[in-house]
Enquirer: 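After the structure tokens below, expect a handful of questions from me.
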Amino acid sequence: MATTRTDPSRGRRLHRRHDRSFRPKRTPTALHLLMNIFAEFHAVLAKSLDALVAEGKLPAGLDLSRAVVEPPRDITHGDLSTNAALVLSKGAKMKPRDVAELLSAKLAADPRIAGTDIAGPGFVNMKLKPEIWRDLARSILTLGEKFGDGTMGGGKKVNVEYVSANPTGPMHVGHCRGAVVGDALAALLEKTGHDVTREYYINDAGAQVDVLARSVHHRYREALGENVGPVAEGLYPGDYLKPVGAALATEFGTKYQTAPEAEWLTLFRERAIAAMMDLIREDLKALGVVHKVFSSEKNDIVGKGRVNEAIEYLKSRDLVYTGVLEPPKGMKPEDWEPRPQMLFRATQFGDDVDRPLAKSDGTWTYFAADMAYHLDKYRRGFERLIDVWGADHGGYVKRVDAAVKALSEGRATLEVKLCQMVNLLDKGEPVKMSKRAGTFVTLRDVVDEVGADVVRFVMLTRKQDQHIDFDFAKVREQSKDNPVFYVQYAHARHRSAFRQAKANFADLDTSDAALAKADLSRIGDADELALLRMLSGYPRILEAAAEASEPHRVAFWLYDLASTFHALWTRGNADPSLRFVLPEDRETTLARLALVRNVGITVASGLRLLGVTPAEELR
RNA sequence: GACCCCGUAGCUCAGCUGGAUAGAGCACUUGCCUUCUAAGCAAGUGGUCGCAGGUUCGAAUCCUGCCGGGGUCGCCA
């Protein structure tokens, strides 16, 4: 396996490239926009190190790639902390504390650093001048929701394929996790400077779409008034096919009522798939998910001979052969019989066994088509492919990874994000669902009932490889168990503070531009500065989340931010002098509104990234 | 049998890709509304990070082996 998650060198490399390339440019005329404080001070650290090398106090060629500048766990340790001395001591052949002494003295000379000290085994802690936080506040007001935009991706093309539900019916709740995770991941990658394409793969070439066509034919006859009885075993029984059958009845009358299957199968299949895709697109739209590209297995891959091309390519590399697979050990398939098959040498690329490409009836396996599809993505210029799948497809990862490696000669990378199951519950009791029996809860039902905001946020309150319990009773409650309200409430409160300000100062200019000019030296309370310090972590969180492909981190961070803001807000209850709006003090009000607006901008940015509406008010 | 994921407070889960004294919500105990919307806040109780080794200045995090739970395993998609 060589996916991103298991390749330890990958993250490091990206970090370093980003950090090194970040050189704050100071233009005397414009305000220097503080974007990522940690990246900036990593640059300061590198400069200090260079100086120490030039002075001969440290040897040249030290590897700074493992050194990080981060917020200390405990704020009494200062604003920034670096492990540089610990990381460098070995290469410098010095004790960590001694390296720390040198770095500490050098860093203390930076005009923006108020002081440094050494702690523990050799951490260097830095205390920044409060003016830094006020610069940050002004920067956020100037940037607006661009705050947090990053260049980490370097404009690189990334293809994110997600949902890709079979076109045999409306989406059920189980699909919505992948939809939300994929969508948020795509947004996150865009925010961090990637050129993202959101894509959906339509599995419309298999046997199941023929079943769909037959199911529609049943509904068609039904619509013509024929007494067809219940839907036959093995067909899709859902009512959602009735309108499709009815439309065909209107259009073609009795033409295909008794005709042999061969006469209508293709037509009915195409109409049915088109109708189902319309349905699915509507469902996705209700959830706020919009794909840019829909690739059809049948029309874009198989029909265009892409599978043949892929196989021919592999054959030319001697990666295809005819062989007989061993039955899997430990389980005894009853109908197992050894059979020669066309196989792809997946084992040469890290898979456990070689994989079949053709079925016994001569048609391609799903894998063969999927392989060709991934080659198609690569040929469209994507060297980074991300697929979001359900965890039940976990056993399929290695072979597609092997295929991508083989077909791109190692130039393309595939990351598969597996989303664990969503356990659907009602008051703690499992809800039974069966698509074949037609008893399943649709995504639409859930979205209509609790709203897209709640569905989306809940789906992001777990790491994707962790199970989620989605309990209707709880989600319906719209109580404080629902973290989405907690975060939205922070945004609503920020709006409320502005309404309050207008009520007290009718003529007050509270535009972001005006707030950026406020006298921010009036922001001095420890909790106020702590809030700004927290906001400074936003770009950092986005980068880390993007690098790990873990959008849930943004949701958790927003929750923490909301918590910090609520705490500050509530202090005003006990001590009116700490309120944001002070009817007696226009200037301080303006400064505090600037702070509040910083929170509002950042919460809105984060929520929008996750596809959740920043609420104006919650009542 | 093989492969993948998970195991952290009573419960549900985070833990910033190896850092300092392991965090949050729920639950439980105790306070805060003549209100900048209390859908909120503050404090307290609660941990052998599944077990055992290893790697190093340092491990919940990385490696190995076990234990427990889930998922998957030729011609379904």
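Proteins get letters first, then strands, A, B, ... in listed order; numbering begins at 1 in each.
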Enquirer: How is R462(A) classified with respect to the nucleic acid when contacts are heavy atoms under 4.0 Å: base, sugar-phosphate, or nothing?
Expert: sugar-phosphate
Enquirer: Of all the choices, rG19(B), rA77(B), rU21(B), which nucleotide is nearest to the side chain of D74(A) once you look at every atom?
Expert: rU21(B)
Enquirer: From the options rA39(B), rC41(B), rC4(B), select the nucleotide whose nearest atom is closest to the side chain of S563(A).
Expert: rC41(B)
Enquirer: Sub-3.5 Å donor-acceptor pair from the side chain of H491(A) to the main-chain atoms of A615(A), do we have one?
Expert: yes
Enquirer: On the ring face of F38(A), is R540(A) found with NZ or CZ under 6.0 Å from the centre and within 45° of the axis?
Expert: yes
Enquirer: Using the P atom in both, what is the distance from rC63(B) to rU30(B), to the nearest Å?
Expert: 47 Å
Enquirer: Look at all strands and tell whether A207(A) reaches a base, only sugar-phosphate, or nothing, counting heavy atoms closer than 4.0 Å.
Expert: sugar-phosphate
Enquirer: Please check the phosphate of rU17(B) (OP1 and OP2 only) for any side-chain N or O of K463(A) closer than 4.0 Å.
Expert: no
Enquirer: Under 3.5 Å, is there any donor-acceptor pair linking the side chain of R553(A) to the base of rC16(B)?
Expert: no
Enquirer: Using the aromatic ring of W569(A) (for Trp, its six-membered ring), decide whether it stacks on the base of rC36(B) within the limits of 5.5 Å and 30°.
Expert: yes
Enquirer: Under a 3.5 Å cutoff, is there a donor and acceptor pairing between the side chains of T76(A) and D74(A)?
Expert: yes
Enquirer: Applying a 4.0 Å non-hydrogen cut-off, can you work out what F556(A) is touching in the nucleic acid: base, sugar-phosphate, or nothing?
Expert: sugar-phosphate
Enquirer: Quantified in whole Å, what is the C1' atom distance between nucleotide rC57(B) and nucleotide rC13(B)?
Expert: 32 Å
Enquirer: Given rC3(B), rC36(B), rU72(B), identify the nucleotide with an atom nearest to the side chain of D392(A).
Expert: rU72(B)
Enquirer: Can you measure D560(A) atom CG to rA24(B) atom P for me and round it to whole angstrom units?
Expert: 9 Å
Enquirer: Watson-Crick or G-U wobble partner for rG58(B), using a 3.5 Å limit on both distances?
Expert: none
Enquirer: Would you classify H552(A) as touching base, sugar-phosphate or nothing, given that sugar-phosphate means primed atoms plus P, OP1 and OP2, and contacts are heavy atoms under 4.0 Å?
Expert: sugar-phosphate
Enquirer: Out of rC36(B), rG40(B), rG58(B), which nucleotide sits closest to the side chain of R66(A)?
Expert: rG58(B)
Enquirer: So A391(A), base contact, sugar-phosphate only, or nothing? Heavy-atom distance under 4.0 Å.
Expert: sugar-phosphate
Enquirer: Between E337(A) and R339(A), is there a salt bridge with N-O shorter than 4.0 Å?
Expert: yes
Enquirer: Under 4.0 Å from OP1 or OP2 of rC36(B): is there any side-chain N or O of S496(A) that close?
Expert: no
Enquirer: Please evaluate the base of rC41(B) for a donor-acceptor partner in the side chain of R571(A) within a cut-off of under 3.5 Å?
Expert: no
Enquirer: Could R306(A) and D376(A) be called an ion pair, given the rule that one side-chain N must be under 4.0 Å from one carboxylate O?
Expert: yes
Enquirer: Could you please name the partner base of rG74(B), counting Watson-Crick and G-U wobble pairs only when both distances are under 3.5 Å?
Expert: none
Enquirer: Using the C1' atom in both, what is the distance from rA27(B) to rC4(B), to the nearest Å?
Expert: 34 Å
Enquirer: What does Q488(A) touch in the nucleic acid at a heavy-atom separation under 4.0 angstrom: a base, only the sugar-phosphate, or nothing?
Expert: nothing
Enquirer: Touch check for T363(A), heavy atoms < 4.0 angstrom, all strands: base, sugar-phosphate only, or nothing?
Expert: nothing
Enquirer: In whole angstrom, what separates N83(A)'s CG from rU56(B)'s P?
Expert: 18 Å
Enquirer: Mind checking who rG44(B) pairs with, Watson-Crick or G-U wobble, both distances under 3.5 Å?
Expert: rC28(B)
Enquirer: Checking base pairs now: Watson-Crick or wobble, both atom distances under 3.5 Å. What partners rU64(B)?
Expert: rA52(B)
Enquirer: When all nucleic acid strands are considered with a 4.0 Å heavy-atom cut-off, which category describes N423(A): base, sugar-phosphate, or nothing?
Expert: nothing
Enquirer: Mapping T76(A) and R355(A) onto RNA chain B by nearest heavy atom, which one lands closer to the 5' end?
Expert: T76(A)
Enquirer: Take the protein atom CD of E550(A) and the nucleotide atom P of rC6(B), then report the distance between them rounded to whole Å.
Expert: 10 Å
Enquirer: Rounded to the nearest Å, what distance is computed from the CD atom of residue E70(A) to the P atom of nucleotide rG19(B)?
Expert: 7 Å
Enquirer: Between D352(A) and K398(A), does at least one N-O distance fall below 4.0 Å, as a salt bridge requires?
Expert: yes
Enquirer: Which nucleotide sits closest to the side chain of Q208(A): rG19(B), rA77(B), rG40(B)?
Expert: rA77(B)
Enquirer: How long is the line joining CG of L325(A) and C1' of rG74(B), in whole Å?
Expert: 6 Å
Enquirer: Suppose we call two aromatic rings close when their centres sit under 6.0 Å apart. Are F498(A) and H494(A) close by that rule?
Expert: yes
Enquirer: What nucleic acid atoms does L86(A) come within less than 4.0 Å of, heavy atoms only: base, sugar-phosphate, or nothing?
Expert: base
Enquirer: Does Q466(A) place a side-chain N or O at less than 4.0 Å from the phosphate oxygens OP1/OP2 of rA14(B)?
Expert: yes
Enquirer: Just to confirm, is there a sub-4.0 Å distance from OP1 or OP2 of rC36(B) to any side-chain nitrogen or oxygen of N573(A)?
Expert: yes
Enquirer: RNA chain B: G395(A) or R339(A), which has the more 5' nearest nucleotide?
Expert: G395(A)
Enquirer: Choose from rG74(B), rG40(B), rC3(B) the nucleotide whose nearest atom is closest to any side-chain atom of P328(A).
Expert: rG74(B)
Enquirer: Checking understanding here: a glycosidic angle within 90° of 0 is syn, the rest anti, so what is rU17(B)?
Expert: syn
Enquirer: Do the charged groups of R571(A) and D525(A) touch, with an N to O distance under 4.0 Å?
Expert: yes
Enquirer: Is the shortest side-chain N/O distance from W557(A) to OP1 or OP2 of rA14(B) below 4.0 Å?
Expert: no
Enquirer: Under 4.0 angstrom, heavy atoms only, what part of the nucleic acid is K95(A) near: base, sugar-phosphate, or nothing?
Expert: nothing
Enquirer: Reckon P96(A) touches a base, only the sugar-phosphate, or nothing at all at heavy-atom distances under 4.0 Å?
Expert: nothing
Enquirer: Expressed in angstrom and rounded to an integer, what is the separation of Q420(A) atom CD from rC13(B) atom C1'?
Expert: 15 Å
Enquirer: Which value, in whole Å, describes the distance between the P atoms of nucleotides rG46(B) and rG23(B)?
Expert: 14 Å
Enquirer: Below the 4.0 Å mark, does rC26(B) have OP1 or OP2 next to a side-chain nitrogen or oxygen of Y486(A)?
Expert: no
Enquirer: What is the distance from CG of L357(A) to P of rG74(B), rounded to the nearest Å?
Expert: 15 Å
Enquirer: Cationic tip of R493(A) within the cone over F565(A)'s six-membered ring, i.e. under 6.0 Å and within 45° of the normal?
Expert: no
Enquirer: Across all strands shown, which nucleotide pairs with rU37(B) by Watson-Crick or G-U wobble geometry, both distances under 3.5 Å?
Expert: none
Enquirer: Looking only at side-chain atoms of K359(A), point me to the closest of rG71(B), rG74(B), rC76(B).
Expert: rC76(B)
Enquirer: In terms of side-chain heavy atoms of D465(A), which of rC4(B), rC6(B), rA38(B) is nearest?
Expert: rC6(B)
Enquirer: With syn defined as a glycosidic angle within 90° of 0 and anti as everything else, classify rC33(B).
Expert: syn
Enquirer: Establish, with yes or no, whether the OP1 or OP2 oxygen of rC3(B) is under 4.0 angstrom from a side-chain nitrogen or oxygen of Y396(A).
Expert: no
Enquirer: Quickly work out the Y559(A) OH to rC41(B) P distance and round it to whole Å.
Expert: 7 Å
Enquirer: Is the distance between the ring centroids of H566(A) and Y486(A) under 6.0 Å?
Expert: yes
Enquirer: Do the side-chain N or O atoms of K90(A) get closer than 4.0 angstrom to the phosphate oxygens (OP1, OP2) of rU56(B)?
Expert: no
Enquirer: May I ask which nucleotide in the shown strands pairs with rC13(B), Watson-Crick or G-U wobble, both distances under 3.5 Å?
Expert: rG23(B)
Enquirer: Select one nucleotide: of rC3(B), rC16(B), rC36(B), the one nearest the side-chain heavy atoms of V581(A).
Expert: rC36(B)
